[in-house]
Amino acid sequence: MADLVQFWKAPEDPLDCLYLATAEGRNPLESLVLPGTALKSIGHAVSELGVRGLDGEVLVTASPSREFRRVACFGIGKAEDFTVHSLRKFLRWVLEQAGRNREYQIAVALPVAPRDVDPEEARTVELAELALADYRFDRFRSRPDESTKVDGVHVVPLKGEDEKGLRIRLERARRVDTLVRLARDWGNRPGNDLTPERFAEEASAMFAGSPVRATVMGRKELEKDGLRGIVAVGQGSVQEPRMVKLEYRAKKPRASVVLAGKGVTFDAGGISLKPAAEMAEMKHDMAGAAAVVAAMRAVAEDEPPLKVVGLVPLVENLPSGTAVKPGDILTMSNGTTVEVDNTDAEGRLILADALAYSARFHPDIVVDLATLTGACKIALGSEMAGLFANDDSLAQQLERLGHRTGERVWRMPLLPEYRDLLRSEWADIKNSAGKWGSLPASAAFLERFVPDKVRWAHLDIAGVAYVQRSRNGLRPGATGFGVRLLMALLDEVAEKA
Ligand code: BES
Ligand code: MN
Ligand code: ZN
């Protein structure tokens, strides 16, 4: 990652380039803080260039001021249409362009705030996206391209911004950056590299010496505690299942929160095998788990006045002679019997265990994240996560925080009627409902395992956790969705509880 630094005065050596976002009909320099001479000469150059700010317009000139070698203007269209997605597109372009041009020290000016996030948080969102803009996953490249890495990104301050305010925002952006990268890396790592065992090891090692206590449960312990869903899904693979427990408790906790994340390190579908096309993508089926572990890292650093427990069930879902079969019936830890109608509906089986298990921590709030259904991806695409909740205020809070962090969620119905879809001939319920209503049915399934009187929210991140092609300014691969939302939720619960 490039260093993010504040740009208040001219450095000794000129920076390689000033990247300026320009909106239609606006003077891009109006809201920037730049040394007086630079402001004047660059303003002149920009108008000489004929910058109009049209979407995608790129104009570059030698810089007339001594602070920079060049000035590059990138048109972002109408300021009213500027969104987090256009922001990412701009920032990614900046980092790629700078890399190609061998510019190692650059300045970035963002005079326009994305209109789809909370105005108060827009600057932090911008800076976090700036930090993340050069994210790449090159762990498996034998020759990662180091030559095109920008070393320093100098942030041009905005009017009304002071050094302290910007410093705090930059610190927050760096932290978000570190945790989102962590979650993205896990999501991008293939199944042979990131097995349940390896994930459990890495996730728990991360908390050594921290106030979060990490415990890893193996197959025997899972069996002993009756976590049948995790054991059943894991039994088709030679890679044994795990559950990671991450427990944090403040001296006088104001509330108890459990975060649960689906951790399927690879989902072939099991005996109900998935089609070959796009199966490779199922290496990211642990994105929910990754977000939970990353959020627990934030807890370890912040030590909020809460009790927070992360529950991360980890399995590999493969077909084999020992795999769970369609028609098999499982007796879950809360006594519910489940007919495994489709072994590809494995996420809800392992999450059911985690949800039921959460009762031990007497939670006030339980939030789970899971790449649970293709149907959610069909419904909402990669723009918003699906949200189900048994509590209106928790749902509204998550919707609001979605707008604040840029990780937006759309509420879906948790109607009792959908429970009918899970009726089984042979057991209390079955794990799949077929095609129609399969999204709300998945939530209706989970709901059965939520402890009584708990405020619960389920986030289906199947559409948002991974992008196949470059989209919304993201490179193909894992997005780290959920990390920011969970961090914001915990911050707010700690403040308000
Ligand atoms: N991991 C998949 C869901 C998924 C699909 C995530 C596409 C990300 C992108 C999940 O385990 C699954 O296979 N769900 C099935 C459920 C069905 C069998 C009831 C689905 O959605 O098809
Ligand atoms: Mn599946
Ligand atoms: Zn899955």
Side-chain angles (χ1 to χ4, degrees), residues 187-188 191 194 196 199 229-230 232-234 236-237 241 260-291 312-319 323-328 338-354 368-386 388 412 418 421-424 429-446 458-469 471 476-479 481-482:
N188 285 326
L194 195 68
F199 195 167
I230 303 174
V233 176
S237 169
K262 170 177 172 181
V264 179
T265 57
F266 185 71
D267 180 14
I271 298 292
S272 317
L273 191 63
K274 284 185 183 297
E278 298 178 11
M279 198 202 273
E281 202 179 291
M282 283 302 128
K283 66 176 183 176
H284 86 283
D285 209 15
M286 30 50 66
V312 181
L314 296 163
V315 293
E316 184 172 66
N317 188 25
L318 295 186
V324 68
K325 302 171 291 299
D328 284 1
V338 175
E339 178 198 349
V340 181
D341 182 58
N342 188 322
T343 65
D344 199 11
E346 84 296 342
R348 62 199 72 180
L349 296 173
I350 68 168
L351 272 179
D353 281 346
D368 77 74
L369 281 88
T371 44
L372 204 65
T373 68
C376 189
K377 188 169 181 169
I378 291 170
L380 299 172
S382 39
E383 320 303 325
M384 284 184 141
F388 293 85
M412 297 286 182
Y418 289 112
L421 295 173
L422 299 168
R423 227 180 256 149
S424 160
I429 49 171
K430 58 182 178 180
N431 75 331
S432 100
K435 193 160 151 189
W436 309 122
S438 78
L439 173 57
S442 68
F445 183 94
L446 296 179
H458 158 59
L459 292 163
D460 192 332
I461 58 170
V464 290
Y466 193 91
V467 287
Q468 278 147 297
R469 279 177 286 279
R471 253 194 92 79
T479 63
F481 187 101

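One-based numbering along the sequence shown. As the structure lists them, so they are numbered: ligands from 1, and atoms in each ligand from 1.
Between Asp285 and ligand 1, at least one N/O pair is under 3.5 Å apart.
Proximity of Phe445 to Leu349: side-chain heavy atoms (C-beta onward) are separated by under 4.5 Å at one or more points. Asp285 has its side chain out of reach of Phe266: every pair of non-hydrogen atoms, C-beta onward, lies at least 4.5 Å apart. A heavy-atom distance below 4.5 Å is found between the side chains of Phe388 and Leu439. Within the 4.5 Å cutoff, the side chain of Ile429 has no heavy atoms near those of the Arg423 side chain. Contact check for Pro476 versus Arg469: no side-chain heavy atoms found under the 4.5 Å cut-off. When side chains are defined from C-beta on, Leu372 counts as touching His458, because their heavy atoms get closer than 4.5 Å.
Using a 4.0 Å cut-off between charged nitrogen and carboxylate oxygen, Lys262 and Asp368 do not count as a salt-bridge pair. Looking at Glu278 and Lys377, no side-chain N of the basic residue comes within less than 4.0 Å of a carboxylate O on the acidic one, giving no salt bridge.
At a cut-off of 3.5 Å, with distance as the only test, a side-chain donor of Arg471 or Ser382 sits close to an acceptor on the other residue.
Nearest-heavy-atom check against atom 9 (C) of ligand 1 across Lys430, Gln468, Glu278, Met282 picks out Met282.
For the Zn ion (ligand 3), the nearby protein N/O/S atoms, meaning those under 2.8 Å, are Lys262 NZ, Asp267 OD2, Asp285 OD2, Glu346 OE2.
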* Determine, step by step, whether Arg348 and Val338 satisfy the side chain to side chain contact (heavy atoms under 4.5 Å, CB included) criterion, reporting the C-alpha distance in whole Å, the side-chain angles of both residues, the deciding distance to 0.1 Å, and the verdict. => CA-CA 11 Å; Arg348 62 199 72 180; Val338 175; over 6 Å; no

* **Worked check of side chain to side chain contact (heavy atoms under 4.5 Å, CB included) between Leu314 and Val312** => CA-CA 6 Å; Leu314 296 163; Val312 181; 3.8 Å; yes

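With ligand atoms numbered from 1 in the order given, ligand 1 contributes 11 (O) to contacts under 4.0 Å with heavy atoms of Glu346. Near Lys274, meaning under 4.0 Å from one of its heavy atoms, ligand 1 places the atoms 2 (C), 12 (C), 13 (O). Per-residue contacts place Ser432 under 4.0 angstrom from the following atoms of ligand 1 (heavy atoms of the residue considered): 19 (C). Close contacts of ligand 1 with Asn342, meaning ligand atoms under 4.0 Å from a residue heavy atom, involve 18 (C). Those atoms of ligand 1 that come under 4.0 Å of a heavy atom in Lys262, given as number and element, are 1 (N), 10 (C), 11 (O).
Gly374 N, 2.6 Å is the protein heavy atom nearest to atom 21 (O) of ligand 1. Closest to atom 12 (C) of ligand 1 among all protein heavy atoms lies Asp344 O, 3.2 Å. Taking atom 10 (C) of ligand 1 as the reference point, the nearest protein heavy-atom neighbour is Leu372 O, 3.2 Å.
Between atom CD1 of residue Ile461 and atom NE2 of residue His284 there is a gap of 7.5 Å, rounded to the nearest 0.5 Å.
At least one heavy atom of Arg348 sits closer than 4.0 Å to an atom of ligand 1.
For the Mn ion (ligand 2), protein N, O or S atoms under 2.8 Å: 4 in total.
With a 4.0 Å heavy-atom cut-off, ligand 1 is reached by no atom of Val264. Only the side chain of Asp267 comes within 4.0 Å of ligand 1, judged by heavy-atom distances.
At distances below 3.5 Å, not a single donor-acceptor pair connects side-chain atoms of Asn317 with backbone N or O atoms of Ala268.
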